[in-house]
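Every value quoted in this text rests on a predicted model; they were computed, and no experiment measured them. Below, chains carry the letters A, B, ... as their sequence lines are ordered, and counting in each starts from 1.
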Number of protein chains: 2
Amino acid sequence: MRERLATVPLFVAVPHYDGAVTEPKTPDAAAPTAPAKKHARDGKSNATIYDIAKVAGVNPSTVSRALSKPGRVSAKTQKLIEDAAAELNYQVNPFARALPTGRTNTFGLIVADITNPTFFDIIRGAETTATVRDYTLVLAESAESAVTELTAARRMMATVDGLILASPRMDDDDIRALARDKPVVVINREVDGVPCVVPDVNKGISEAVRSLAANGHHKVAFVAGPPQSWMSARRWEGVQAACEWSRLEAVRLESSKPTVDGGRQVARDVRASGATAVLTYNDLLAIGLMQELQAAGMVVPDQISIVGFDDIFGADFTTPPLTTVRSPLGECGSGATTLLLDLLHGTGEPAGTLRVETELVLRGSSGRLLPAG
Amino acid sequence: MRERLATVPLFVAVPHYDGAVTEPKTPDAAAPTAPAKKHARDGKSNATIYDIAKVAGVNPSTVSRALSKPGRVSAKTQKLIEDAAAELNYQVNPFARALPTGRTNTFGLIVADITNPTFFDIIRGAETTATVRDYTLVLAESAESAVTELTAARRMMATVDGLILASPRMDDDDIRALARDKPVVVINREVDGVPCVVPDVNKGISEAVRSLAANGHHKVAFVAGPPQSWMSARRWEGVQAACEWSRLEAVRLESSKPTVDGGRQVARDVRASGATAVLTYNDLLAIGLMQELQAAGMVVPDQISIVGFDDIFGADFTTPPLTTVRSPLGECGSGATTLLLDLLHGTGEPAGTLRVETELVLRGSSGRLLPAG
DNA sequence: GGGCATTTGTCAACCGGTTGCCATAAATTG
DNA sequence: CAATTTATGGCAACCGGTTGACAAATGCCC
């Protein structure tokens, strides 16, 4: 089975072609005989530019221009046509428009996991910005799989004007291949030759580490995310650099998966490491870690400080609420959309990497280390 | 400004029509002169059924049939065409297909707030089911406004085969008007004449109330949600009924808004009510309420039990983790999608209301009431 | 008022599949 | 073996809006 076929087979039972070819469209007002009729297209939304042209007494192409090329027709005709359109309750048919032009006023956004709160704000940021500029956002999920991701991306390519990949799992080369076809913007990863939006971790991390140093910590553990995660690598680098600057010792621990569960599992290693402060690849790990440590009787932050990354929804539900390095995820989403818009409507293509700032959100899970006793 | 215009004005700076009308499509392989070229459509994805027809030596209409009407052409021709399609890396153009048929293999889903975790699972459930059946899900947000919601719905109607409204804010009549045009399914609300998916609150609530009664509680407070919320009314009814059955006293309190903040604000009233157990309209309220009560020195669940609704993401991040009445939101999303699919592909239209079960998720925030002292 | 530059509107081709209708070929039946 | 049904492929119209080319109308200047 070829991939293409995957988009086909479900049409079987669909009602057949109903374009009235030769019959005149007499709107037979009352047809109360058929009790439970199909959702007919006899609504008021089927006016076309041809209908408008007839009402306004002009050529359809003039209607088309009046409605999509401001200034191309005279003010008088414009008004004539707009009135007719209003009267007929005209709505352009997006498919008819997309067919010759190829543009759809639609952007695609692919995320690894719709239920991962990290993406919520990205989605919302992108959606908001897209809507403001009259674009529609289409969402797809890769279920954390590089293959699914690529399939989804390929499928989307046919129907969107541009694509946003949030924390993509696929190869750099695959991304570049997609970008050759249509504008693509990547969030949370840097890919050579493709416009990207990445949070600059340094500011937030150095704030976090300075805060830890000031509170008497000397050894910091970093719980890493997935090995292939670009962002995890950046964060670890940032932690190392900041620790060096503050003369703290930094150790790296691995997690099995970047979830609450993964956080629980890594608690053993954290205790064994002897670190008194932990930064984790993301908030979910931090929350799981904190739950497990507390269950083992440790007091946060008196005995150990925990700092997450992202400031996801729910990060302040914990007791104590989680200190975290916030990435402006909403900004990432809206920034990526803006980049896409620039790429499409802009003059040249200067679109490079857009960096956004991170900051420390100081809450209760980090603080002064109390002397053991 | 008419609404229609809102979809138009942004096209101004877009690159112009590039359909090579008279020129033959000579794929000039190497064009390394233009350094930063526009995203050309010279990719390999521009094969049409006409190209396939040429390669396979048949008529384009035969190609169309081979690819979308299983059995309509002979096995031999079928294979011929499929091979040609594979060779040319053919992908159907969704717009060309949608234009004559009107079907798009797309569903719309409108939620009040993308960042409200209640909707996450609904979205995912719908997305998953839609994808399995080769439908794409398009998401829109109403920003909690009935007007925005209706606008979004109307705009979507043009491009989708069906629409799902999750906890819609608009009038019953508006919903029915939409449903007259195309299949519509409503989640979390019952609208006469429109297929709906609603969690049946009774089982979950009675489990919760029985558990509270068994733990020595006598007076239960219910913190209500927005006055116009259909679901809030159902939950209050359920709580009253269950309390009557268990011979508990039930009082109703109002919240300002169904958020964490709203939960904090209602803490005063809760304490004043004298209730020893609280059910809240949703988990966010429960979490805010718990935070505020704990900040005031109360111990949960020793002095007061708290039970939420929905079991949203993060409900188990709290200390103690939140007891809650879970609605199978994923099921709601996938159920609504299935209903839509049935409506489109099914035989008759028996689609009525689909009820899904709720259940108590017993965690740490509810339990035995300790004698004061 | 004539000549030239602009506006403004029309014509027709086109985007890429879909499907009703028909002709032919093949299969079935009496 | 003729007659009829069925399977198969081709033809052409069509979905609805877009746009290059061109002609008609208008405006402007001397």
Without decimals, in angstroms, what is the distance between B:Q91 CD and C:dG17 C1'? 15 Å
Closest listed nucleotide, where the reference is the side chain of B:R65 and the choices are C:dC15, D:dG17, D:dG10: D:dG10
To the nearest Å, how far apart are A:N59 CG and D:dA25 C1'? 16 Å
Between P of D:dT8 and CD1 of B:I81, the distance in whole Å: 12 Å
Ranking A:S61 and A:N93 by the position along DNA chain D of their nearest nucleotide, the one closer to 5' is A:N93
Using the side-chain heavy atoms of B:S68, tell me which of these nucleotides is nearest: C:dT18, C:dT8, C:dC15. C:dT18
Nucleotide nearest A:T101 when distance is taken to its side chain, options C:dG9, C:dG16, D:dT18: D:dT18
Taking the minimum atom-to-atom distance to the side chain of B:K69, which one of C:dG16, C:dT19, D:dT18 wins? C:dT19
For atom CG of B:L80 and atom P of D:dG10, their distance in whole Å: 11 Å
Contact class for A:V63 vs. all strands (heavy atom < 4.0 Å): base, sugar-phosphate, or nothing? nothing
Whole-Å distance, B:Q78 CD to D:dG9 P, equals 9 Å
Please work out if B:F95 contacts a base, only the sugar-phosphate, or nothing of the nucleic acid, heavy-atom cut-off 4.0 Å. nothing
Report yes if at least one side-chain N or O of A:Y50 is closer than 4.0 Å to OP1 or OP2 of D:dC14; otherwise report no. no
Which nucleotide in C:dT10, D:dG16, C:dG17 has an atom nearest any side-chain atom of A:P100: D:dG16
Does A:D181 come within less than 4.0 Å of A:R154, counting only side-chain N to carboxylate O? no
Taking only the side-chain heavy atoms of B:A96 (C-beta and beyond), determine which of C:dT18, D:dG9, C:dG16 contains the nearest atom. C:dG16
Atom-to-atom span, CZ of B:R103 to P of C:dT18 - whole angstrom: 7 Å
Quickly work out the A:L67 CG to D:dG17 C1' distance and round it to whole Å. 10 Å
Ignoring the backbone of A:S74, work out which of C:dT8, D:dC11, D:dT18 is nearest its side chain. C:dT8
Quick one: are A:T136 and B:V138 in side-chain contact, heavy atoms under 4.5 Å? yes
Looking only at D:dG17, C:dG9, D:dG10, the nucleotide nearest the B:R72 side chain is D:dG10
Can you classify the ring geometry of A:Y135 versus A:F107 as parallel (below 30°), tilted (30 to 60°) or perpendicular (above 60°)? parallel
Whole-Å distance between C:dG16 P and A:R97 CZ? 18 Å
Do you know which two heavy atoms are closest between B:M170 and B:D174, and how far apart they sit? SD-CB, 3.7 Å
Over all atoms of both residues, closest heavy-atom pair of B:V160 and B:K182: O-NZ, 2.8 Å
